[in-house]
Amino acid sequence: MRRQLPLALCFIFGVFTAIQYYVPHFRVQWFQERLLQWLMTLLAFAFLLGTVSLIKVHYHKLRDRAPDRGFSLVVFAGLFTMIGLGFIHPDHHAPGSPFNQMFLNVQVPIEATMFSLLAFYVASAAFRAFRARTLEATLLLIAAAIVMLGRVPIGDLISPKIPEATRWILEVPNLTAKRGVMIGVGLGMMATALKIMLGIERAWMGGSD
Amino acid sequence: MGHDRGRLRGARFVTGFVAGTLAAAALVVCAATLSAQEPIEPAVPESLAAPELLAVPTGVQVEDTPNDRGASVNVTWELSADDESLRFEGYRVYRSAHPETGFVFAGRAGRGATTYRDSEAPNNEPVYYRVAVGDAEGGEAFSATSDAVTASPQWFNDDRVNVLIAVFIFVVAIVYFVNAARGGKELFIRRLAGLDEVDNAVGRATEMGKPILYISGLSTISDVATIAAINILGEVAKRTAEYNTRLIVPCADPIVMAVEQEVVKEAYAKVGRPDSYNEDDVFYLTRSQFAYVAGVNGIMVRQRPATILYMGMFFAESLVLAETGASVGAIQIAGTDAVTQLPFFITSCDYTLIGEELYAASAYLSREPVLLGGLKGQDTLKFIIGVLIVITVIVATLAATGAISNDFMTPLFITH
Amino acid sequence: MTTLLLATVGAILTLCVYSFLYKDNPFYKFAEHLVVGVSAGYYLVIYTFNFIVPNVTDPVFTLNLGGEAIRLGGLDWWMALAPGLLGLLLYTRFFPKIAWIGRWPLGIYVGGYAGLGISPVMQARVINQLRAGATPLAGTPDPFANMTNVCLGLVIFIAVTYLLLVKRQLGARNTGAKVGIVALAALVGYGGYVALSALSGAGVVNLTNVMLVVGLLGTLTYFFFSMRHTGVLGVLARIGIVFLMVGFGASFGYTVMSRISLLIGRVGFLIDWVGMFFS
Amino acid sequence: MSWYDWLLGIDRRWIFLTIAIAVVIPFFAPLGLPVVVTPPVQNLYDAVEALEPDGKPLLLSIDYTPATSPELEPMSSGVLRHAFRKDIPVIVMTLHPAGYGMAESAILAAAEEFGKEYGEDYVFLGFQPGTSAVILGLGVNIRTVFPEDAYGTPLSELPVMEGIRNYDDVSLLITFAGWSAAEAWIYYAHQPSGQIVGAGVTAVMATDYYPYLDAGQLVGLLGGMRGAAEYERLIDRPDAGARGMDSQSVIHLIIILLIVLGNAAYFASRRARRLAQARGEI
């Protein structure tokens, strides 16, 4: 029961979702649609697990008087405000709802700004780590420089050959390399999926025995 | 002795495989008999007759849609002579169980269209179709009635035979080599530079008295890369448990967190240090991509890990994480199948596992024969694909230069 | 007024995050902890109301499935109850004694998704790519012929220079000899370019497609794990890694654009915000 | 201290400052650089251009989130403007909860500009969770996936939705996404139903989608702000995409300069070290 049953469930449902791909009959597809809903619903249930973990970690910080514990209160404030607003006003996406306002004016700007930090990091990575140490590294940085120029108007101004070279890089070496990776990764994905179904990869249960 | 046990396990494996397949087949049958969703009844009929009617479409043909879930019929016709007319308002398709009367509206198609797929036809009952043209004044002219057609659902999609065959070969290859490995066959695996460093990196963190940070990507467990990351985490956790080094695992997905807690706990138990495991070190941060990054950046600058491992599925956050990691002076080892993020890991990390190498990593670290067997199976398929590429390229070249016809290649590549 | 207030909140938080570029500081810590809390709450609420409510609680308790009434104890009702029970089993983790029951729903989740992927991946990532990769090596027009030939000419030039200059260390002492060798290599490279152009111009061979095929085989070889990369395999794997690196370089160059777009978006937001005070 | 040691040891915050200055300046002093149209963009434009006015509707899935909207919003605006100018009916939906507000604001702005009427000329279906399940569901019946539009109106009461049941009744599908949604549309809409799919993705993702373009699984592709700028040029209405191109150009030059400087310093220092080694100083 402890190990066999979850492995059996894993195998049975795996074989079902694998086989339904070949069975268009509505009776099978009907169950398949339900099953997809089940999977998403399971994830939804798991969010409570995650949230409890987050609360626990920050509660322990407060309890243990860890440095910066004050900020754990900020986490709680944000978390409980959102949960409170979300459950009081279930109309989450209504333009004026407080839940949506919190999302648009707190979460969105912070996240977008975090994301935009990338522009700075790209520049510092280019300066710090882009070294022509080996043939491979040299090719990487030459290709990057050509594509960078070829994708902006200034490349067209310098020479019409640059956009042409950019297109060539994207559609010849890049295309075929990506295709190779895609096939390889595809095989790896299928093999891993198969090994999970067959109970060979069972790390998801914790441990390998 | 060991050989016999291997064979015994192999036999049990095969029995389990057969039994499981039967159970799944039973599930399919159950699902089929249980479900009772019948197609919706068609809507209200429309009025007929109007002045100055447009030319009707001719040659109305019908066929049961092949390889479908049922309730679907393909209707085709030839364009009305007035298709280009300014008064033309589109084709309207009508359906009836009787060839003369009782036609109900099934759907419409625009100017220039010659096909329509009715997806609300009754299953296993003959029906007839007529195609009407509507004009600007609301008038309608009907075509002749089509032949009878019976919509039916199919139990097998024969457009996907090629995929099925390919998957079958793949499954056979993997199962064969896994069994061979169970039987004790020695399997070689080439060096993966990044993974040789894992041991050194753990040692280094121990010396410096600093923690190791393990980021298993931002995807869910439905992503195969995440599974690979979890497997690698198990191996890494065994090493950190041995050295008694702190391992911090912030998670972006609650299910992944639940699984990783199990995996790390198990690893600590296995090397005999269950007490060193701290559940607060494997925790959920948030699902939100850049909120997660904000949190992890904070952990990096405050905990100053000696080693950071990035394994799994990554998105745009990869470089923010890796550059912040570099700025705190950590040794960084990355592995992902996210092609777009690989260049960033390659530039800012010390070692990077590219694409499929990530899947090979858990086999490489654990050296478990079954996992290595799976790799051998994958390589076999890769070899077959390589041969296929050579053959198809030769055929395509011969065909393009007019030496042969390449029609016989088509069935191999039909795609639907 | 509200707009200005809300924009100000967003702008201040934006500046808090940018302060991290200077160094870690309390403003950043505030924004970081706030967004972790808010976003965790956001996802909990969204997933609860988008999945648990319509798929489980509504049908099970109010017999309402997507706006349609269902029968208590009917098939639809059981189909809604099942994921609810499975979901609750996840919470057995909170009770160490029965925590192992939590593996049942995990088994369904992991297995269900594992099976789902196999065939579509085979079709989209393997068969379709194989089909697209079956390019004829001759007899088709080659829009990239010139660039391919330039590249191959460069490869010849570099190879000759490398062989004569680096490998044999001929020019280590003599600058004149170095220049001569480079000039010779350039000549050979240019000759190669002219010869290849003549070849592809005559339609004898489509070099771009040759490159695509060789690159594909090389990349696949690089991912061979169960054999040592020596001999032919070694050469192919080396070609593969060259193609991979050019591909990654291209991704990098392309990506830089996206990142800057985001920064432009944020800067635009801040500029608009400042503008609000003057309008 | 030699120049290369200084350069190699430079605080990265100076680089950050340079980037910040470079991105702000074009906002106040636009350069107005010209944009050349590439084939993937032209193909998508042609696909929209070929649609019938008042014919089968165009389905737009606006799947981006606020994080990627700077790149993708100009694209969706461009395509919406193009469709509205040609009087093509438009159905808008989203696969991402955070895409709801994005989709709504994009469509409202474009509809207002062209005086389009809700329900008659376009409709917004809102968000449904479950990516692949939603896409597969649309292939069977739109009404089971979206029984009503985003504002609670049943689809049967919206003229533009009349007779629209699944992909058979939709002319072209374009997805704008900064995540794997575009791939999902290929797998679950193009593969099973043969639905013609076009995509607008971030510049990062664009290279990954070339194989799909090449294999005919995508009819056209817009990649990043540049793709948006090209589309803006095709519909002859420069906007955010074109404006962004100026900042892009300047920063790209700076980054290339940084790569060159970084390498120059690296090789100079390596050479100096080798010479010192040769002299026996180390």
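Residue L39(A): no heavy atom, backbone or side chain, is found under 4.5 Å from chain D. Of the atoms belonging to N263(D), heavy atoms from both backbone and side chain fall under 4.5 Å from chain A. When heavy atoms are compared at a cutoff of 4.5 Å, P70(D) does not approach chain A at all. Neither the backbone nor the side chain of A265(D) comes within contact range of chain A, judged by heavy atoms closer than 4.5 Å. Contact of Y212(D) with chain A is made through the side chain alone, with heavy-atom distances under 4.5 Å. Heavy atoms closer than 4.5 Å to chain A are found in both the backbone and the side chain of L258(D). The contact between M40(A) and chain D is made entirely by side chain atoms (from C-beta outward), counting heavy-atom distances below 4.5 Å. For F130(A), the parts sitting under 4.5 Å from any heavy atom of chain D are the backbone and the side chain alike. For L257(D), no part sits under 4.5 Å from any heavy atom of chain A, backbone or side chain.
To the nearest 0.5 angstrom, L136(D) atom CG is 8.0 Å from Q32(A) atom CD.
When the candidates A112(A), S124(A), P163(A) are compared by the number of heavy-atom contacts under 4.5 Å with chain D, S124(A) comes out ahead. The residue among V250(D), I254(D), I256(D) with the most heavy atom pairs within less than 4.5 Å of chain A is I256(D). Chain D forms more heavy-atom pairs under 4.5 Å with one residue of E111(A), M114(A), R128(A), M182(A) than with any other, namely M182(A). Highest contact tally toward chain A, considering only D246(D), I251(D), L253(D), V35(D), is held by L253(D) [criterion: heavy-atom pairs under 4.5 Å].
Checked by atom type and distance alone, the side chain of E71(D) pairs as donor or acceptor with a backbone atom of A203(D) at under 3.5 Å. No donor-acceptor distance shorter than 3.5 angstrom exists from the side chain of Y266(D) to the backbone of R133(A), with no hydrogens or angles considered.
Checked against a 6.0 Å centroid threshold, the rings of F267(D) and Y4(D) do not count as neighbours.
With a 6.0 Å radius and a threshold of 12 heavy atoms from other residues, nucleotides or ligands, W14(D) has its CH2 atom at or below the threshold. In the displayed structure, R271(D) atom CZ is contacted under 6.0 Å by at most 12 heavy atoms of other residues, nucleotides or ligands.
Between K61(A) and D68(A) there is no salt bridge, since none of the side-chain N atoms of the basic residue sits less than 4.0 Å from a carboxylate O of the acidic one. Between K161(A) and E164(A), at least one side-chain nitrogen of the basic residue sits less than 4.0 Å from a carboxylate oxygen of the acidic one, meeting the salt-bridge criterion.
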